[in-house]
There are 2 protein chains.
Amino acid sequence: MTSRSSGDDLLFLTDEKLRQGIEAMFFAYRGFTADPDRILETMAYGRAHHRAIHFISRSPGTTVNNLLSILGVTKQSLNRVLRTLVEDGLVESRVGKSDKRERHLFLTEAGDALEKKLSDAQRVRMRTAYRNAGPEAVAGFRAVLEQMMDAKMRRHYQAIREKDV
Amino acid sequence: MTSRSSGDDLLFLTDEKLRQGIEAMFFAYRGFTADPDRILETMAYGRAHHRAIHFISRSPGTTVNNLLSILGVTKQSLNRVLRTLVEDGLVESRVGKSDKRERHLFLTEAGDALEKKLSDAQRVRMRTAYRNAGPEAVAGFRAVLEQMMDAKMRRHYQAIREKDV
DNA sequence: ATAATATGTCAGCTTTGTTGACATTCCAAG
DNA sequence: CTTGGAATGTCAACAAAGCTGACATATTAT
């Protein structure tokens, strides 16, 4: 653990450093989304579809409400995306067994194929970045990102993460 | 420097870890923009205005073309944002001295005040995250982000960064 | 003179978010 | 067994912020 107290060098907390961090986030997020975006624009889908597919893939059988909460959008906005994905046969929406009001979402084979395609593209960049930066940098990267999340989002993040601890 | 070769433990490069990194970026970016977004939605501005204001503040006198290249949008899109900022007296656009085709962009006092307000909100979160994670984590965070950028964006990032090295 | 550059602007389109209203289905509490 | 509330779907209208294409203007470079 890094010490956070007294004698520590606090130069990493100057406004200038913080501004650089803000810019790094901005530029990096652009890179982060660039590869899947390129794939998506060749079809009739956008980033919103990618996000839905990603989280359905990560939590098969998740309900619409849960997905809503993860994605942080309105049900109308999500519904529009989900409808096209169901119509196009990428997502299957099954009525809940115990509670029939709920819809449980699954990727079809075609949906899974697209997920893999998008996720591969994104992971290639992540893997290269991770490898170039090294394991310690990656640990730091994740620590800072986790601290940057809203508490609610952090819970979602940790819930999904608890797959391999 | 962290070693990148042979005997190293490569568990940080598993697909599962990479997926977690992808989700961390997604959730963290939401947190990253949340605070300024809350301020912006009380006025007639959005995230696009914030970005313009941020980079004009960082590089006073920058040209429209340079800003275009940093933000990665079309001139029509930027122009819409810039026009409202100039109309509202937050940004000043001065005809270039040596090349009169160029417009150099500056924040007015009012623009600077808004920049500070937005940037303060964003930095509070960054500072807390940085402090909680510690200096080494921050170094790793920035190393990974830098690796994640497109080469072109990395050049912009480094150009701005070279203010305090 | 002519070509290229930097900028601004008009019009129209797309994606993805928002509200508000309303219907349906179903669980659960009284 | 009725009724309230929850989960979902859907319609309409709207806004922010991207995009393309076309065109005008001023200025600089060749």
Side-chain angles (χ1 to χ4, degrees), chain A residues 26 29-30 33-34 36-56 61-88 91-106, chain B residues 26 29-30 33-34 36-56 61-88 91-106:
Chain A
F26 171 69
Y29 200 79
R30 289 259 299 280
T33 56
D37 278 359
R38 257 189 297 275
I39 296 172
L40 288 160
E41 77 185 8
T42 69
M43 20 191 128
Y45 296 132
R47 218 177 272 181
H49 299 86
H50 182 192
R51 291 198 284 260
I53 287 175
H54 175 95
F55 285 107
I56 295 173
T62 185
T63 62
V64 172
N65 240 8
N66 185 47
L67 199 51
L68 235 40
S69 162
I70 288 175
L71 296 175
V73 298
T74 59
K75 62 174 180 171
Q76 292 91 332
S77 194
L78 176 59
N79 195 253
R80 181 168 37 201
V81 164
L82 237 32
R83 200 188 324 163
T84 68
L85 291 175
V86 169
E87 277 168 8
D88 297 351
V91 167
E92 201 194 326
S93 166
R94 294 186 209 151
V95 172
K97 228 177 5 180
S98 54
D99 186 337
K100 289 174 191 160
R101 287 168 305 181
E102 295 181 337
R103 303 300 142 95
H104 297 277
L105 303 169
F106 300 87
Chain B
F26 171 69
Y29 199 78
R30 287 259 297 283
T33 56
D37 279 358
R38 257 189 296 275
I39 296 173
L40 288 160
E41 78 184 7
T42 68
M43 21 190 127
Y45 297 133
R47 217 176 273 180
H49 300 85
H50 183 192
R51 291 199 283 261
I53 288 174
H54 175 97
F55 285 107
I56 294 173
T62 184
T63 62
V64 173
N65 243 3
N66 184 46
L67 199 51
L68 236 39
S69 161
I70 286 176
L71 296 175
V73 298
T74 58
K75 63 173 181 171
Q76 292 91 332
S77 195
L78 176 59
N79 195 252
R80 182 168 39 199
V81 165
L82 236 34
R83 200 188 323 163
T84 69
L85 291 175
V86 169
E87 277 168 8
D88 296 352
V91 167
E92 201 194 328
S93 167
R94 295 185 208 151
V95 171
K97 229 176 6 181
S98 55
D99 186 336
K100 289 175 192 161
R101 288 170 306 181
E102 294 179 338
R103 303 301 141 93
H104 297 278
L105 303 169
F106 300 87

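A note on names: the letters A, B, ... follow the listed sequences, proteins ahead of strands, and every chain is numbered from 1. Model, not experiment: these values are computed from the prediction.
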- [ ] Give me the bend of the helix from C/dA1-D/dT30 to C/dG30-D/dC1, using the axes of the five pairs at each end, rounded to 10°.
- [x] 20°
TODO: Could you grab the distance from atom CG of A/L68 to atom CD of A/Q76, nearest 0.5 Å is fine?
DONE: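 Interatomic distance, A/L68 CG to A/Q76 CD, rounded to 0.5 Å: 8.5 Å.
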Task: B/I53 CD1 to B/L85 CG distance, which is reported to the nearest 0.5 Å - done: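 Spacing of CD1 (B/I53) from CG (B/L85) equals 5.0 Å.
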TODO: Respond yes when some side-chain nitrogen or oxygen of A/N65 is under 4.0 Å from OP1 or OP2 of D/dA6, and no when none is.
DONE: no
TODO: Examine D/dC19: is either OP1 or OP2 under 4.0 Å from a nitrogen or oxygen in the side chain of B/T74? Give yes or no.
DONE: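 Yes, because at least one side-chain N or O of B/T74 sits under 4.0 Å from OP1 or OP2 of D/dC19.
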Task: For B/R103, the option from B/V86, B/L82, B/V95 that meets side-chain contact (heavy atoms from CB on, under 4.5 Å) - done: B/V95
Please list, chain by chain and in numerical order, all residues satisfying side-chain hydrogen bond (donor to acceptor under 3.5 Å, both in side chains) with [X], sequence neighbours excluded.
| X | result |
| --- | --- |
| A/H54 | B/E23 |
| B/E41 | none |
| B/E92 | B/R94 |

- [ ] Might you point out which heavy atoms bring B/L71 and B/A52 nearest each other, and give the distance in Å?
- [x] CD1-CA, 4.4 Å
Whole-Å distance separating the [atom1] atom of [X] from the [atom2] atom of [N]:
| X | N | atom1 | atom2 | result |
| --- | --- | --- | --- | --- |
| A/L71 | C/dT18 | CG | C1' | 16 Å |
| B/E87 | C/dG8 | CD | C1' | 13 Å |
| B/N66 | C/dT5 | CG | C1' | 15 Å |

Task: Partner set under ring-ring contact (aromatic ring centres under 6.0 Å, His included) for B/F26, not counting sequence neighbours - done: A/F55
- [ ] With sequence neighbours excluded, tell me which residues meet salt bridge (Lys or Arg N to Asp or Glu O under 4.0 Å) with B/R80.
- [x]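 Residues passing salt bridge (Lys or Arg N to Asp or Glu O under 4.0 Å) with B/R80: none at all.
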Throw together a table of side-chain donor-acceptor distances under 3.5 angstrom for residues 43-51 of chain A, partners on residues two or more places apart or in other chains.
residue: A/Y45; atom: OH; partner: A/D88; partner atom: OD2; Å: 2.3
residue: A/R47; atom: NE; partner: A/D37; partner atom: OD1; Å: 3.3
residue: A/R47; atom: NE; partner: A/D37; partner atom: OD2; Å: 3.2
residue: A/R47; atom: NH2; partner: A/T33; partner atom: OG1; Å: 3.3
residue: A/R47; atom: NH2; partner: A/D37; partner atom: OD2; Å: 2.6
residue: A/H49; atom: ND1; partner: A/G46; partner atom: N; Å: 3.0
residue: A/H49; atom: NE2; partner: A/T84; partner atom: OG1; Å: 3.3

- [ ] Please list residues of residues 77-84 of chain B whose heavy atoms come under 4.0 Å from any atom in DNA chain C, ordered by number; otherwise none.
- [x]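 DNA chain C contact set from residues 77-84 of chain B: B/N79, B/R83.
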Task: Close approaches to DNA chain C from residues 39-51 of chain A, in residue order (heavy atom, under 4.0 Å) - done: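 Under 4.0 Å from DNA chain C: A/G46, A/R47, A/A48, A/H49, A/R51.
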TODO: Could you list all the side chain to side chain donor-acceptor pair (under 3.5 Å) pairs where at least one residue sits in residues 61-75 of chain B, not counting sequence neighbours?
DONE: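 As it turns out, the side chain to side chain donor-acceptor pair (under 3.5 Å) pairs with a partner in residues 61-75 of chain B, which skip direct neighbours, are B/T62-B/N66, B/S69-B/H156.
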Open item on the list: Applying side chain to side chain contact (heavy atoms under 4.5 Å, CB included), can you list everything that pairs with A/N79, at least two apart in sequence or on another chain?
Closed with: A/R83
- [ ] Determine, for nucleotides 22-29 of chain D in 5'-to-3' order, which nucleotides have protein heavy atoms under 4.0 Å from the base (write B), from only the sugar-phosphate (write S), or from neither (write -).
- [x] B---BBS-
